[in-house]
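What follows is a single structure, written as structure tokens, with notes after it.
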Amino acid sequence: MQTHVLPDLKRNEGVSSVSQAQRVTGWSVGLGDPPDPRELNKNPVEGFSAGLIDDNDLYRWEVLIIGPPDTLYEGGVFKAHLTFPKDYPLRPPKMKFITEIWHPNVDKNGDVCISILHEPGEDKYGYEKPEERWLPIHTVETIMISVISMLADPNGDSPANVDAAKEWREDRNGEFKRKVARCVRKSQETAFE
């Protein structure tokens, strides 16, 4: 099993502009330019693939996420959409699972709720540190690695789906496991429709 590790963002505290992100990462996308899915083929990351939903719209991507090995999601093939804002990379994309998935950090509509996809800056509730939230240095790869990590290790303290979080905490090997198994089977049946 390949281990995915996010970059140490603490050393990049204060990176809040495109020019600073370019200096830190060498990245050269302009303000408002979405990333190019063909770039992912140069350095593929295990566990997902991505492409445009429509060849004429660079702002909307479809991703296929393979359920991580040794997790309840193993064997699943989950479709999701990434939608990039016009002022990307200063603001994060939105991610929504199209395939049904039962997970504490995915709301019942499929919207993904993880720190890396939250608007940059201070958390008005004080739960997240600014360096845990969106920064312009993040890439599709870091987003997808975070989502794959989320599947492997849900955050029950900050749920988007309270019912899934409750089951994950109280009945992980019972009802929660059954619902996830049903989603995995369904994802396999509909993956390539």
Side-chain angles (χ1 to χ4, degrees), residues 4-66 68 77-99 101 103 105-125 127-152 155 158 160-161:
H4 298 290
V5 179
L6 287 174
D8 179 8
L9 297 178
K10 290 183 179 160
R11 67 186 168 153
N12 295 325
E13 284 184 60
V15 175
S16 59
S17 72
V18 173
S19 61
Q20 286 176 312
Q22 288 171 333
R23 283 196 306 273
V24 170
T25 65
W27 158 84
S28 63
V29 173
L31 179 60
D33 292 339
D36 186 338
R38 294 172 296 196
E39 291 295 314
L40 293 174
N41 294 330
K42 293 179 182 174
N43 296 304
V45 175
E46 186 178 315
F48 81 95
S49 65
L52 297 175
I53 294 172
D54 173 350
D55 289 340
N56 297 317
D57 186 355
L58 297 175
Y59 291 92
R60 295 183 58 233
W61 291 25
E62 182 170 88
V63 294
L64 286 179
I65 301 164
I66 307 302
V77 182
F78 301 97
K79 280 185 195 175
H81 288 171
L82 263 177
T83 305
F84 295 89
K86 298 296 182 195
D87 56 354
Y88 176 86
L90 295 180
R91 292 187 48 237
K94 302 286 185 210
M95 185 170 181
K96 180 181 187 112
F97 277 95
I98 304 307
T99 306
I101 189 165
H103 192 282
N105 306 116
V106 179
D107 75 17
K108 292 179 181 178
N109 295 323
D111 293 320
V112 175
C113 180
I114 56 174
S115 300
I116 194 174
L117 293 178
H118 292 165
E119 292 290 333
E122 294 291 327
D123 177 8
K124 65 182 176 180
Y125 302 109
Y127 180 75
E128 299 167 334
K129 298 174 187 164
E131 63 268 18
E132 294 172 333
R133 297 167 71 90
W134 180 257
L135 295 170
I137 62 166
H138 285 303
T139 64
V140 172
E141 292 89 345
T142 60
I143 294 167
M144 298 312 301
I145 290 168
S146 292
V147 170
I148 291 166
S149 295
M150 172 198 81
L151 291 177
N155 179 355
S158 179
N161 181 334

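These values consider heavy atoms only, across backbone and side chains, with no hydrogens, waters or symmetry-generated copies.
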What residues, two or more places apart in sequence or in another chain, satisfy side-chain contact (heavy atoms from CB on, under 4.5 Å) together with P120?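 With sequence neighbours excluded, P120 shows a side-chain contact (heavy atoms from CB on, under 4.5 Å) to P92, W134, given in chain and number order.
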- Task: Report the distance from atom NZ of K94 to atom CG of L82, rounding to the nearest 0.5 Å.
- Result: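 It is 11.5 Å, given to the nearest 0.5 Å.
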| task | Spell out, as yes or no, whether a donor-acceptor pair under 3.5 Å connects the side chain of N105 to the backbone of N155. | result |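 Here the side-chain-to-backbone pair exists.
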query = So, does K79 use its side chain to make a donor-acceptor pair with the main chain of E62 at under 3.5 Å?
reply =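 Checking the backbone N and O of E62 against the side chain of K79, no donor-acceptor pair under 3.5 Å is found.
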Given side chains that start at C-beta, do those of [X] and [Y] come closer than 4.5 Å, heavy atoms only?
X	Y	answer
I114	M95	no
V106	M150	yes
I65	M144	yes
V147	V63	no

Sorted by chain and number, sequence neighbours left out, side-chain hydrogen bond (donor to acceptor under 3.5 Å, both in side chains) with S115 holds for E128
Sequence neighbours excluded, the answer for side-chain hydrogen bond (donor to acceptor under 3.5 Å, both in side chains) partners of D111 is none
For F84, the ring pair (Phe, Tyr, Trp, His ring centres under 6.0 Å) test, sequence neighbours excluded, returns W61, Y88
How would you list, by chain and number, every residue that makes a salt bridge (charged side-chain N to carboxylate O under 4.0 Å, His left out) with D123, sequence neighbours excluded?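 Testing D123 for salt bridge (charged side-chain N to carboxylate O under 4.0 Å, His left out), a comparison that skips the adjacent residues, returns R133.
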Those residues at least two apart in sequence (or on a different chain) that pass salt bridge (charged side-chain N to carboxylate O under 4.0 Å, His left out) with R60 are none
Residues I148 and P68: closest non-hydrogen pair is O-CG, 3.6 Å
Smallest heavy-atom separation, L52 atom then D57 atom, equals CD2-O, 3.7 Å
